[in-house]
Every structure is written in structure tokens, then in C-alpha cells.
There are 2 protein chains.
Amino acid sequence: MEKQHYTRDDMAGLLRGHGINPTHQRIEIAYALFSRQEHLSADQIMAIVNDRHSETSKATVYNTLNLFKLHKLVREVIVDPSKVFYDPNTGPHHHFYNLQSGELIDIDARDVQIQGLPALPTGMVTEGVDVIIRIRPQHT
Amino acid sequence: MEKQHYTRDDMAGLLRGHGINPTHQRIEIAYALFSRQEHLSADQIMAIVNDRHSETSKATVYNTLNLFKLHKLVREVIVDPSKVFYDPNTGPHHHFYNLQSGELIDIDARDVQIQGLPALPTGMVTEGVDVIIRIRPQHT
DNA sequence: TGATTTGTTAGACAAAGTCCAAACATTGGC
DNA sequence: GCCAATGTTTGGACTTTGTCTAACAAATCA
Ligand SMILES: [Mn+2]
Ligand SMILES: [Mn+2]
Ligand SMILES: [Zn+2]
Ligand SMILES: [Zn+2]
């Protein structure tokens, strides 16, 4: 279970804990992701952060998301060919992907076992296992 | 096992079998994919097809790949945020994705079982299950 | 044949994402 | 407080993938 109510101060602490200088922009971007616990695109994050008044530029949104990714504070989810989703849940988990609405739903990986995978090519190690279950409304 | 040596005539027959008019461009694009049995991007396909002399435009490459996708002659593989790969293998299978080289390796889905997945949200049906194992060379 | 349908094309366009140099902010030494 | 060094943000140019459009060409039909 994730904490339910994050404050901007929590975000500052989180960033400091990763050796990241908690600037106003970084805090707002982290807050957008962690306070909602949703899968958001860079564009959506920028819209949320700049909702009331302009807080950050596009360049900073991308810089910051790439910085967070580097520190494994967020994870990328690649399911839509046209945009990346950023995921504040960095624990091992998989996804349902609603092809109609674009919505992503988390599946805890502890409940899931995958059997019968072939051995890795020699000299290779696993960086991550993604299971994506593409779903759509019945019938059509 | 897939057939090993496809001819352009095989491609014409394949397309006719799906009710697709086998034009020169469509045959070349199908041949690029099926004769190699590789995972190729639209850009790579265009480069292959236009290697000797100009055969097709960018618009036709995309039109044709979308047409093939509609007829389930090819499948899209979404692993790289910057481009789609087209896969001539439409049977149920998964992928190793080499993060360093960008190479995709097929994993037959008949060997793999996935257990412990939660029930689908009500009113939803599964359109497909993708397992992507991101791998990289050991150590770094 | 002329008319209609089907397929291809160049190039304009859109959207996601990167890059850069300039501007701005923060810090620590003096 | 002032200065320099360092770190951060920014607008806008740029790149890449992919779509769209309107014109053209080829094939099919009457
Ligand atoms: Mn503000
Ligand atoms: Mn030719
Ligand atoms: Zn998630
Ligand atoms: Zn494949």
C-alpha cells in the first residue's frame, strides 16, 4: 500500500533522499505524479502543473522526468506508440491497458508467476519483465 | 516453424488470400518482412524496399503496414518509445528485448504459462497479452 | 471508349521529444 | 554585501515518427 496523502514537503524530502535538489518545479512535477498515483504522460503532467499559472516549461518537464527516471523515482510504461506514460509506482508490477480509454491499471507482480520462459541469451541479464494485458470492452 | 524461403509470388498469394490486391509496392513490403522474419521499423522497411531503386513512398509504407495490421498479417511490437516494430510472426509469442542493441527475440507463447493474474475488470475482454523481457549485457 | 474505383505520391502538417545558448537562481568565499 | 562558480530553467529551433490531403496514375467496369 502506498501512502495516501502526500504533501509538497513530502516531495521535497523524497527528492533530498535521492540527492536531488528540490526546486519548485521538481516538487510540483513529483507532486503531480505521487499525489495522484496515476499513469501520466509528459503532456498531462505539464497541463496539471501549469493549471493555475505557468510553473514550468516543456524542457523542464522532460529534464525532470528523465532525472527522476535515472534515480528510479518513476518508471516509464511503454504501451502506446505515440507517448510514454510515467508511473510513480516503481515496485514490481504489471498492467492492464484499456485500449479504448487509454487507462492503465496496476497488477501487483507478487501475485503473478510466469513459467516456462527460455534461458536468457548468454551474457545477458534481466533488466525488467513487463506484462501488458491489452483489454477492451466486450462485443464492440 | 515458418517456411524458410518466400518468393514474391508467395507474397502475392498471401495477399490475395486476405483479399488484398497485390500491387508491386505491397508485395515488396510484405517480402521485406516475411523473407527476413525480422522485427523491422517502418523506416527500416522503407530503406530495404528502396535499396536498389525507389519503389515506394513513405505514405505507401505506412498505408500498407496499417492495411496489413488490419488484416492481422503483421503485428505491432511496442517496446521502444520512439518507434513501432512490425512483426511478421502473428502467432502467440512474447519477446526478449535487448536494450543495448534494440534486437527483439521471439519466445513461443506455448511454452509459457502466466498464473495469478487478477480477474479482468467487468465487461472487458482480453485483446492480447504481451510479455517483454528487457535484457542487457551483464555487468555493464 | 469514358467513367468509376482503387492505389500511390509529394509534400504539408502534427505531436513527442531533444538540444542549445541565454537567462536566472543559489551558494560559498571574501 | 559583492563576486564567481555552479546548478537550474527557459524559449525556441530542431529532429523524428507518423498522418493527412489533394493530385495523379492504374486498373476495372460499362
Ligand atoms: Mn507556483
Ligand atoms: Mn521494382
Ligand atoms: Zn503502474
Ligand atoms: Zn516477434
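We name chains A, B, ... by the order of the sequence lines, and we start the count at 1 in each one.
If you measure from atom NE2 of B/H24 to atom C1' of C/dT8, you get 12 Å, rounded to the nearest angstrom. Taking atom NZ on B/K83 and atom C1' on C/dG17, their separation rounds to 13 Å, with Å as the unit. Remark: P of C/dT18 and CG of A/D43 are 13 Å apart, rounded to the nearest angstrom. For A/I45 and C/dA15, the CD1 to P distance is 19 Å, given to the nearest whole Å. Between the CD atom of A/Q25 and the P atom of C/dA23 there is a distance of 18 Å, rounded to whole Å. Rounded to a whole Å, the CG atom of A/D80 is 10 Å from the P atom of C/dA16. Straight-line distance from the CD1 atom of B/I27 to the P atom of C/dG7: 13 Å, rounded to whole Å. When the C1' atom of C/dT6 is taken as reference, atom CG of B/L67 falls 12 Å away, rounded to whole Å.
In this structure, A/N66 reaches the C/dT18 phosphate: one of its side-chain N or O atoms is under 4.0 Å from OP1 or OP2. The shortest distance between the side-chain N/O atoms of B/S82 and the OP1/OP2 oxygens of C/dA16 is not below 4.0 Å.
Under the rule for a salt bridge (charged side-chain N to carboxylate O under 4.0 Å, His left out), the partners of A/R8 that lie at least two apart in sequence or sit in another chain are A/E28.
In summary, of the residues considered (B/N66, B/L40, B/D87, B/L33), a side chain to side chain contact (heavy atoms under 4.5 Å, CB included) with B/V74 occurs for B/L33 alone.
The nucleotide range of DNA chain D contacted by chain B, defined by atoms under 4.0 angstrom from heavy atoms of the protein and reported 5' to 3', is D/dT17 to D/dC20.
Annotation: side chain of B/Q44 is not in contact with side chain of B/R36 (no heavy-atom distance under 4.5 Å).
Within the 4.0 angstrom heavy-atom criterion, base atoms lie near A/T60. Heavy atoms of B/S41 sit nowhere under 4.0 angstrom from any nucleic acid atom.
Each of B/R26 and A/K58 was assigned the nucleotide of DNA chain C with the nearest heavy atom; the assignment lying further toward the 5' end belongs to B/R26. Each of A/A59 and B/N21 was assigned the nucleotide of DNA chain D with the nearest heavy atom; the assignment lying further toward the 5' end belongs to A/A59.
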Side chains of residues 115-129 of chain B: which donor-acceptor partners sit under 3.5 Å, not counting sequence neighbours?
{"from": "B/E127", "atom 1": "OE1", "to": "A/R136", "atom 2": "NE", "distance (Å)": "2.3"}

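Note on ring orientation: taking the six-membered ring where Trp is involved, the planes of B/H39 and B/H95 are perpendicular (angle over 60°, cut-offs 30° and 60°).
Panel note: side chain A/H71, backbone A/H18; a donor-acceptor pair is recorded below 3.5 Å.
Clustering ILVMFWY residues whenever any of their side-chain heavy atoms sit less than 4.5 angstrom apart, transitively, puts B/F85 in a cluster other than the one holding B/I78.
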